[in-house]
Amino acid sequence: MTTRIDTRFAELKKAGRAAFVTFVMAGDPDPATSLEIIKALPKAGADVIELGMPFTDPMADGPSIQAAGLRALKVGMTLKKTLDLVRGFRKDDNATPIVLMGYYNPIYIYGVDKFLGDAKAAGIDGLIIVDLPPEEDDELCLPAMKAGLNFIRLATPTTDDKRLPAVLANTSGFVYYVAITGITGAAAADASSVSEAVTRIKRHTKLPVCVGFGIRTPENARAIASHANGAVVGTALIDALRNSLDADGRATGKTVNAVAELTAALAQGVKGAQQAAE
Amino acid sequence: MNSVKPNSYRSGPDERGHFGIFGGRFVAETLMPLILDLEKAYTEAKADPAFQSEMNGYLKNYVGRPSPLYFAERLTEHLGGAKIYLKREELNHTGSHKVNNVLGQIMLARRMGKKRIIAETGAGQHGVATATLCARFGLDCVVYMGAVDVERQQPNVIRMEMLGAKVIPVQSGTRTLKDAMNEALRDWVTNVHDTFYCIGTVAGPHPYPTLVRDFQSIIGNETKAQMQEIEGRLPDSLVACIGGGSNAMGLFHPFLDDSTVEIFGVEAAGHGLTQLHAASIAGGRPGVLHGNRTYLLMDADGQIQDAHSISAGLDYPGIGPEHSWLHEIGRVNYLSATDDEALAAFQLLSKLEGIIPALEPAHAIAKVMELAPKRAKDHLMVVNLSGRGDKDVPQVGDILRGKSK
């Protein structure tokens, strides 16, 4: 079964360039603005959208993404409303892949089978669930594959050659290489060690490898994108969003543009990488 | 589910860390290799007689074990029913049962060559025990503690700092124990190469619930031998308070297959079960947090809710996975005590026995006050006095003065 993710990476391969993957939090700072933001992302050059599912206890996230999730929860965001948001997006865009990213508990409470059915119907293409390693594949990964959703796994600097086959076994769509040991938004990724890691992962899989954690600027994005099939940026976009809010944390007239402008600049960085590589 | 009773209640978990549907390894990939290493190191250590004998030496001469099993004569007379024994874990070095587990984990950390220890703490008892053993073995120690708890448990913060630990007040989320655990996990995922995460309770990803239980089971094993010596038989009931549930699991586990022994766990009912509380079994349902599936307090969307207890050590919206399993199969009865009941028990034990309990085991004493009068005079009831109340004296003093005004 081919998903929008598979199609998009095949197109990019043909075009000879890396994917620009953007992460924003669903419902941040409010559902209506959030919909405007995700609609603006592809126009600004995003190839794939990762949409965070807000959770009270995001154990792998730094302060920026923690705060984004809390802003969304504060205005009443739920998993159901996250699916509504994607439905809204799909009215105008049936090509850009959407990957939900977050933690397992809200899905477990929603009910795995019901969630997978509703997610597929809403137009979601893949899932990245931080706290579901391959040891827990029975929970969601295998049912998701059966339902026709990609289950995208994180590989990390601690995932050694011995462990990689287990991590890649039920992975589809792409592999997300977490470039640092740490939380989102922490250190900057170092391009040469990333290049080594991507080469190592590619020895074990034909899937595209995207790299995230620590990419903040168009220059970072260009450097990473010349070694990988995609560069993921999250915290930097969320920081731009936060800086556009008013004193009470509400959206202003600048909010959507603030995210779109940084997205456009970062997309230029990623697209520049392909020229540098050629 | 689980309608068939197992042959033994003590054989869990399975190789994937499950107690029935509970437990498991719900962690980020970065941590997965680390917990697999820990499991391997623990399996090897368990099989190594030198590890056990070194630990026994420290338990005897550093911790001060065995802790006494003390007949609480005046409390027994006052309540007029069961014969009440206190398992005096509050007499351990550092003032609580926490040291039993920390000693075991620190010895594992040394075996694994880890030089930096991190821990989360609620009341500060686990933090103090961790800081103490890090001082003893010359290891770096960082303790994460919710900012709210830093305020209400100042004596323990000062102790940890005197012992050379760095105490980091956690400002995220509800600023209590669950957030301290999030922050410790964030530290661990960042400093994977040199850091050992010393978890303070029978929760977290496999193998933590098992290894913490095993290190704490010395409480129940001693109790069994001591009761045999004093009364010539098994106790009839056991009572212990539960936050994550390590002191309770340590007392209960050796008795799980002794079918004549009634077992009671006491959760913190805070302001009452219809208001803010920390009773995950009474008021929660199964979910996934902090590496395991277990009973959790949460809303309809699966968002974790704020817990509340007067006792910082019980102020956690979850419970160890093995407790969730023991609840579902019906081997252990889980009760709850409110803040006010715990305060009354705190005062009663202080006045009748000259023992100031920590607010955590005061919850267990509160239920003893209800259970003991309904039992015969030859009924032997053991309550785990898991910690001493010195740390709570300023807080309780403020509350009592506030109330008397």
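Note that this is a predicted model, so its numbers are computed, not measured. Here is the naming used below: chain letters follow the sequence lines, and residue numbers restart at 1 for every chain.
Of the two parts of A:F55, the backbone and the side chain both hold a non-hydrogen atom closer than 4.5 Å to a non-hydrogen atom of chain B. Only the side chain of B:H18 comes within less than 4.5 Å of a heavy atom in chain A; its backbone stays farther off. Using a 4.5 Å cut-off between heavy atoms, B:A184 does not touch chain A at all. Heavy atoms closer than 4.5 Å to chain A are found nowhere in B:M181, neither backbone nor side chain.
With chain B as partner, the option from A:V167, A:V130, A:N105, A:L79 having the largest number of non-hydrogen pairs under 4.5 angstrom is A:N105. Each of A:A60, A:P58, A:P63 has some count of heavy-atom pairs under 4.5 Å with chain B, and the biggest count is that of A:P58. Ranking B:P33, B:A28, B:G302 against chain A, the residue ahead of the rest is B:G302, based on heavy-atom pairs under 4.5 Å. Put simply, of A:D61, A:D160, A:I129, the one with the most heavy-atom pairs under 4.5 Å next to chain B is A:D61.
In this structure, B:T30 OG1 and A:F213 CZ are separated by 7.0 Å, a value rounded to the nearest 0.5 Å. Rounding to the nearest 0.5 Å places OG1 of A:T158 at 7.5 Å from CG of B:L31. Atom CZ of B:F26 sits about 11.0 Å away from atom CE of A:M59, to the nearest 0.5 Å. Note that CG of A:D57 is 10.0 Å distant from CG of B:L185, once rounded to the nearest 0.5 Å.
Although no hydrogens or angles enter the test, the distance criterion places no donor-acceptor pair under 3.5 Å between the side chain of B:R25 and the main chain of A:P133. Listed for the B:Q303 side chain is a donor-acceptor partner under 3.5 Å among the backbone atoms of A:T56. A donor-acceptor pair is defined here as one N or O able to donate and one able to accept, closer than 3.5 Å; no such pair exists between the side chain of B:R16 and the backbone of A:E136.
Heavy-atom minimum distance, A:R163 versus B:L36: NH1-CD1, 3.6 Å. Contact record, B:E29 with A:P134: OE1-CD, 3.8 Å, taken as the closest heavy-atom pair. Among all heavy-atom pairs drawn from B:S172 and A:Q66, the shortest one is CB-OE1, 3.6 Å. Among all heavy-atom pairs drawn from A:M77 and B:D301, the shortest one is O-OD2, 4.0 Å.
Of all residues spanning residues 283-293 of chain B, those with a heavy atom less than 4.5 Å away from chain A's heavy atoms are B:R285, B:P286, B:G287, B:V288, B:L289, B:H290, B:R293, arranged by number. Taking 4.5 Å as the heavy-atom cut-off, the residues of residues 176-184 of chain A that approach chain B are A:T181, A:G182, A:I183, ordered by number.
In this structure, B:I35 and A:E135 have side chains that are not in contact, with every pair of non-hydrogen atoms separated by 4.5 Å or more.
More than 12 non-hydrogen atoms from other residues, nucleotides or ligands lie less than 6.0 angstrom from NZ of A:K120.
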